[in-house]
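Letters go in sequence order (proteins before strands), and every chain restarts at 1. The model shown is predicted, which means the values in this text are computed figures rather than measured ones.
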Number of protein chains: 2
Amino acid sequence: MSIENSAARERVLETAERLFSEQGYAAVTLRDIADALKMKQASLYYHVPGGKEALYVEVMQRAMARHREGLQTAVATAQDMRGQLQAAARWLLAQPAINYGRMMQTDMPAVSEAHQAALRQSTHQALIATLAAVFAPIVERRREPRSRAVYLAGAFLAVVETVVQLPAAFGGEPRTTMVDYLIDILLDGLLNEPHELALQPITKEE
Amino acid sequence: MSIENSAARERVLETAERLFSEQGYAAVTLRDIADALKMKQASLYYHVPGGKEALYVEVMQRAMARHREGLQTAVATAQDMRGQLQAAARWLLAQPAINYGRMMQTDMPAVSEAHQAALRQSTHQALIATLAAVFAPIVERRREPRSRAVYLAGAFLAVVETVVQLPAAFGGEPRTTMVDYLIDILLDGLLNEPHELALQPITKEE
DNA sequence: GTCTATACACTGATAGAC
DNA sequence: GTCTATCAGTGTATAGAC
């Protein structure tokens with residue numbers, strides 16, 4: 001993008017992505033990033049001459065390209081929708097959290113209009129569109145408008161992200177267990193019989 | 001809390017809540033708030049002597065008290081779980097967006113430890129606990145650990161918030177329609193037959 | 001490639017006039 | 001109650017030494 005790629009530059013981008021993902025654009029200063037790299041703030045400008053905004057945009061573009069690839073691969077390797085969603089969730093859980101809502105509502109307004117447009121495009125392509133493709137067949141079969149697949153994609157993304165950031169205190173189960181549970185609910189319904197317990201009679205207690 | 005309550009002070013708190021809700025703690029400056037009130041930045045200190053952090057904490061505490069009241073009322077006035085969730089979603093849609101993830105991950109770390117603890121407590125009480133109570137009976141009937149109700153509460157909150165911030169471009173349906181659809185999916189399951197309400201062929205509604 | 005030094009703008013906060 | 005004036009602290013960015 002700018003300047004050739006070097007291992008040192010790679011470290012800068014990775015560190016920046018981690019911090020931006022954790023704390024958001026405004027909360028992370030160039031000094032924070034430099035400190036994490038045991039460098040001085042001014043030295044960052046050698047690797048990223050464009051400054052903070054250019055660094056953020058490049059980091060997010062990279063992240064979105066990676067997510068697009070990762071999600072599509074995850075989805076392609078599973079047979080049924082449940083497996084696709086589980087694979088997609090595992091990919092998301094293994095990556096630095098995205099915090100889609102914060103990105104859209106808080107971080108994006110801080111960058112230039114041109115950068116915003118490009119980032120929105122990449123983000124939609126990588127996350128929403130990829131997930132919506134998973135939901136498209138069932139939405140079609142239910143004879144619902146295609147836009148419903150987009151809602152479902154957004155909702156699925158929101159749920160998985162919540163699992164990432166929910167206080168791990170509750171239950172103490174692995175996050176994959178939590179997310180698989182929520183996927184089962186999504187597909188089978190909360191009011192219907194649970195999968196494993198389908199044979200157990202439901203009787204009132206106490 | 002500090003100083004008596006006046007109409008002018010009320011305006012300060014309302015404006016601050018709107019801006020904090022839209023842009024987050026770090027992105028909003030005291031000058032932004034003062035400008036929106038057509039005041040000078042220094043004048044805010046008359047109404048909120050504690051400064052920015054105290055203002056933020058008081059604003060969020062107020063918001064959480066209001067949400068607790070509003071959600072409990074919404075939940076209490078409906079009979080079945082579907083109605084309760086619809087009422088809760090309508091309350092949330094009518095209020096300034098919370099952006100729970102941003103609040104927890106980005107805004108909270110910027111305030112003092114003591115304030116953080118208090119805010120986490122209020123937020124959990126007002127949002128998670130209230131919604132978890134709605135899910136508790138069905139979780140019980142499904143013979144699942146109580147912690148599942150907390151997952152479901154977090155997931156539900158995340159989904160409703162996503163609906164708030166999703167580009168309104170998609171579909172163009174009212175947000176209540178979108179959220180009711182997602183509630184039906186949650187309860188009935190995506191793989192099962194659409195509920196009678198969702199089953200209606202897609203036609204113009206008024 | 002990384003450093004020091006520094007310019008410049010912005011932000012939160014205080015003091016005091018009216 | 002609101003203002004002007006001001007300051008200390010912080011953040012981005014640039015210039016130039018090594």
**OP:** Specify the separation, in whole Å, of atom OH of B:Tyr45 and atom P of D:dC7.
**Re:** 17 Å
**OP:** Determine, stepwise, if the pair B:Gln86 / B:Arg90 fulfils side chain to side chain donor-acceptor pair (under 3.5 Å).
**Re:** CA-CA 6 Å; B:Gln86 288 174 346; B:Arg90 274 162 181 67; 5.1 Å; no
**OP:** Inspect the contact between A:Asp180 and A:Arg82 and indicate whether a charged nitrogen and a carboxylate oxygen are less than 4.0 angstrom apart.
**Re:** no
Original post:
How about B:Glu144 and A:Tyr181: does a side-chain donor come under 3.5 Å of a side-chain acceptor?
Top reply: yes
Original post:
To the nearest 0.5 Å, how far apart are OG1 in A:Thr162 and OH in B:Tyr100?
Top reply: 9.0 Å
**OP:** Please identify each residue that fulfils ring pair (Phe, Tyr, Trp, His ring centres under 6.0 Å) with A:Phe156, with sequence neighbours left out.
**Re:** none
**OP:** For DNA chain D, determine which residues of residues 108-117 of chain B have any heavy atom closer than 4.0 angstrom to one of its atoms, and list them numerically.
**Re:** none
Subject >> salt bridge (Lys or Arg N to Asp or Glu O under 4.0 Å) partners for B:Glu161, two or more places apart >> reply: none
**OP:** Under the side-chain hydrogen bond (donor to acceptor under 3.5 Å, both in side chains) rule, collect the residues that match up with B:Thr15, sequence neighbours excluded.
**Re:** none
Original post:
Atom CZ in B:Arg62, atom CD in B:Glu14: separation rounded to 0.5 Å?
Top reply: 6.5 Å
**OP:** Check DNA chain D against residues 30-44 of chain A and give the residues with a non-hydrogen atom under 4.0 Å, in numerical order.
**Re:** A:Leu30, A:Arg31, A:Gln41, A:Ala42
Original post:
At their closest point, which heavy atom of B:Trp91 faces which heavy atom of B:Arg66, and how far apart are they?
Top reply: CZ2-O, 3.4 Å
Subject >> Covered region of DNA chain C, 5' end to 3' end, by chain A [heavy atoms, under 4.0 Å] >> reply: C:dG1 to C:dA5
Original post:
How long is the gap from CD on B:Gln125 to NE2 on B:His67, to the nearest 0.5 Å?
Top reply: 15.0 Å
